[in-house]
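Reckoned from all heavy atoms, side chains included, excluding hydrogens, waters and symmetry mates.
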Amino acid sequence: MGFVSGDGDGSRADSKADEIQQLRQKQIEERRAAEAANERKKRKPLHTATGVLIVPSTTKPSDHVFFRWEPARIKLQEKTDDDYGLLDEDEGPVPELIAQLPVIEDQEVRLVRQLPNGTFFSDWGPMLALCDRLLSRHRQHIRSGVRVVELGCGIALPALVCATVGARVVATDLPDMIEDVRENATRCNWPQKVWRVVGGMGPDGIPVTKEKGGMTESVRLSIGALVEELEMKQEINLMHYRRLTGSGPEEGWVKIKMNYGGKNLLVPTDERPPPKAWTSIEVGRGSVLCTGLRWGYQEARDLMKRVDELEAAARGRDVKVKKGVAKTEAEKPAAPTSEWVLGRPAQKGEDPDLADYVLCSDCVCEPIYGKTWEELIPAVEGCLAFEGKAYISVKRRKGDGIEKFEKRLAKHMRYEKELARKPDPDEGGGEVEVYICTWPSRNEFYTSSVDQPLNPRLSEEELELLNYDDDAD
């Protein structure tokens, strides 16, 4: 009797399964490509058939920020019967939206990434509400080099405006959504691909060639210098750089690692050059660090500590050296020993230095973001200095959960609410409101120690019954 093996059937079954898997993978890739193309289409600027680019409607009503397109960088598509068209992907340089700031010596912010058109997030109103208030009320203070943190920054227009004035800015968003602000910051001459020289073939630094593979320069790039990556040739171990700090050639090509042993000569870093102070004859300039951050109190505290260390390293001093050291050891105040506590602002002298201004634009809307405001408010509390201010702008939408957000905000902080824009039918009808948040005064902290409410807006009974869950509606 013959014996029939089942291996053939098994092979055919495996082959069929592979085909199904490949088909599914192809469908997934096609769907992702379609979604990416749709996203690019939304981000392309609209223009008329005569070639005039259309400034987004909500960028017009601003007191201090005025917009225009950069026409020299735009290559228009052929006219069609339609009055509106979109720039094709292969039509040359990406157009830039220029935000001009007349109150700051006609400085400007260049945005190569803008808000997507025709979506839930197309309204520029919340960002401009923050910009107008900061420029009209705190321009001189920001010019002195204060620290500004923006949470959920998106394209980071408020953060970049503050940096243009002279602030030390930390622009944060989710790690997988930080690319937009990095591109905008780089275009505004705040490079985000920064490397630090850590090694060399001697105490003088690392050799530099003017051309790729050319003759070595007589002067080397100093150890500790910060450089901007202009072009990377990983396969041949070369990087085209522009020097930001330190000494050596302004621009050239350097090796990333030693040819033998693989020792690093340069490493990526989050350090940034120190801000440039304003003088009577020279315009100042701040600094920008774009980094990923997931909201939360401890996450915000850790970020502030890391920024302290990075700024100290950029200034070339130890991070433990604080500002305003007493003249003698006897006069030096004792360091506070208390730890940070949720709901209590850090006191002067505590580590780390905190933000003078915390910004957040249009990040509270439960239908889109869920209850992420429950993490947002502790992040604000973790970043904000005792005498600082937080500006949170929101656009009102149906079922946005703002009432619960307000209750949680009032638990530890005080706030005032301003109407920045009346309901606009062209933008979905929602008004734009701005919350100006501060810590309670020292007197209010004293009264809270004798069983008085932290926020005068709420009674003791309201504080005890404070509940911002769904069942409180």
Rounded to the nearest 0.5 Å, what's the gap from [atom1] on [X] to [atom2] on [Y]? Could you check?
{"X": "Lys255", "Y": "Leu266", "atom1": "NZ", "atom2": "CG", "answer": "12.5 Å"}
{"X": "Tyr357", "Y": "His141", "atom1": "OH", "atom2": "NE2", "answer": "5.0 Å"}
{"X": "Arg187", "Y": "Arg113", "atom1": "CZ", "atom2": "CZ", "answer": "14.0 Å"}
{"X": "Trp439", "Y": "His412", "atom1": "CH2", "atom2": "NE2", "answer": "7.5 Å"}

Hey, is [X] close enough to [Y] for a salt bridge, meaning N to O under 4.0 Å?
{"X": "Arg396", "Y": "Asp400", "result": "yes"}
{"X": "Asp173", "Y": "Arg294", "result": "no"}
{"X": "Glu433", "Y": "Lys395", "result": "no"}
{"X": "Glu311", "Y": "Arg168", "result": "yes"}
{"X": "Glu406", "Y": "Arg408", "result": "no"}
{"X": "Lys404", "Y": "Glu366", "result": "yes"}

* Would you please test Arg133 and Ser393 for side chain to side chain donor-acceptor pair (under 3.5 Å) and show each step? => CA-CA 11 Å; Arg133 279 155 178 76; Ser393 62; over 6 Å; no

* Qualifying residue for side chain to side chain contact (heavy atoms under 4.5 Å, CB included) with Pro158, from Asp132, Val148, Leu359, Leu128 -> Leu359

* To do: Could you walk me through whether Arg272 and Gln192 pass the side chain to side chain donor-acceptor pair (under 3.5 Å) test, one step at a time?
  => CA-CA 8 Å; Arg272 299 292 181 264; Gln192 297 303 305; 3.0 Å; yes

* To do: Take Glu229 and Trp195, measure what side chain to side chain donor-acceptor pair (under 3.5 Å) needs, and give me the verdict at the end.
  => CA-CA 7 Å; Glu229 175 191 326; Trp195 296 66; 3.0 Å; yes

* Kindly write out the residues that satisfy ring pair (Phe, Tyr, Trp, His ring centres under 6.0 Å) with Tyr241, not counting sequence neighbours, or none if the list is empty. => none

* To do: Taking ring pair (Phe, Tyr, Trp, His ring centres under 6.0 Å) as the test, write out the residues that go with His64, two or more places apart.
  => none

* Using a 4.5 Å cut-off on heavy atoms from C-beta on, say whether the side chain of Lys422 contacts that of Glu431. => no

* Does NZ or CZ of Arg182 come closer than 6.0 Å to the centre of the six-membered ring of Trp190, within 45° of the ring's axis? -> no

* Yes or no on side chain to side chain donor-acceptor pair (under 3.5 Å) for Tyr435 and Glu418, after CA distance, side-chain angles and deciding distance? -> CA-CA 7 Å; Tyr435 293 82; Glu418 296 180 355; over 6 Å; no

